[in-house]
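As structure tokens, the structure follows; a few thoughts come after it.
Bear in mind that the values here come from a model prediction, so they are computed numbers and not experimental data.
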Amino acid sequence: MKRQSLSPGGLYKLLTDELRAKRTSGCQCRMPLPFLIERPDEVSANWRIGTPAPCVNGCDALIWEVAAAMWPRYDLRDPTATPVREPPRRAVPSAG
């Protein structure tokens, strides 16, 4: 599926609107800004969000859910930004 390409402001508005629609508490937590990354593989998105602040109402988990739902659908279009290179992921050793 081809991703829709959005400006940083367009992607942020989409993420923020989705967070507000799904949030059940009166909390005022904010969606972290999306930023451009080097696409790690052919199926991953080219953006991530900053780490949300911990929230007693669970907004931090909801923020990750909203972002994860949007990763397959949208790419970030920012011709002026330099993509951040993410460190390679290490395998987690199994217990036992």
Side-chain angles (χ1 to χ4, degrees):
M1 180 173 141
K2 185 169 167 60
R3 289 182 173 88
Q4 183 178 351
S5 185
L6 297 174
S7 68
L11 180 58
Y12 181 71
K13 180 172 181 358
L14 184 76
L15 292 165
T16 298
D17 289 350
E18 189 70 13
L19 173 63
R20 287 183 181 149
K22 292 183 179 278
R23 187 169 42 208
T24 57
S25 70
C27 203
Q28 296 300 310
C29 288
R30 295 178 181 261
M31 176 63 69
L33 292 172
F35 59 92
L36 190 64
I37 64 164
E38 286 185 10
R39 191 182 310 274
D41 54 50
E42 294 178 9
V43 297
S44 296
N46 70 343
W47 59 275
R48 295 288 182 266
I49 60 169
T51 303
C55 176
V56 297
N57 295 312
C59 292
D60 48 342
L62 182 57
I63 286 169
W64 287 123
E65 290 174 21
V66 167
M70 300 297 175
W71 282 327
R73 298 169 51 195
Y74 300 99
D75 263 344
L76 184 59
R77 181 186 72 246
D78 189 351
T80 63
T82 301
V84 173
R85 174 176 243 160
E86 292 191 313
R89 295 186 179 157
R90 297 186 310 208
V92 177
S94 61

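Considering CD of Q4 and CZ of R77, their distance stands at 9.0 Å, rounded to 0.5 Å. Separation of atoms CD (E38) and OG (S44) is listed at 13.0 Å; rounding is to 0.5 Å. Distance CD/E18 to CZ/R23: 12.0 Å, rounded to 0.5 Å. For the atom pair CD1 of I37 and OG1 of T82, the computed distance is 14.0 Å after rounding to the nearest 0.5 Å. The line from CG of D60 to CD of E65 is 10.0 Å long, rounded to the nearest 0.5 Å.
Looking at P34 and M70, their side chains never come closer than 4.5 Å, going by heavy atoms from C-beta outward. You'll find the side chain of C29 stays beyond 4.5 Å of the side chain of P52, heavy atoms only.
In summary, of the residues considered (L11, I63, V66), a side-chain contact (heavy atoms from CB on, under 4.5 Å) with I49 occurs for I63 alone.
For the pair R48 and W71, the cation sits on the ring face: its NZ or CZ lies under 6.0 Å from the ring centre, inside 45° of the axis.
Cluster annotation: F35 and L33 are assigned to distinct hydrophobic clusters (Ile/Leu/Val/Met/Phe/Trp/Tyr, side-chain heavy-atom contacts under 4.5 Å, transitive). Using a 4.5 Å cut-off between side-chain heavy atoms of Ile, Leu, Val, Met, Phe, Trp and Tyr, with links allowed through other members, W64 and Y74 fall into the same hydrophobic cluster.
Remark: the backbone N or O of P8 is not paired with any side-chain donor or acceptor of W47 at under 3.5 angstrom. No donor-acceptor distance shorter than 3.5 angstrom exists from the side chain of N46 to the backbone of R39, with no hydrogens or angles considered. Panel note: side chain R3, backbone D75; no donor-acceptor pair is recorded below 3.5 Å. Using modelled atom types, no side-chain atom of N57 and backbone atom of C59 make a donor-acceptor pair closer than 3.5 Å.
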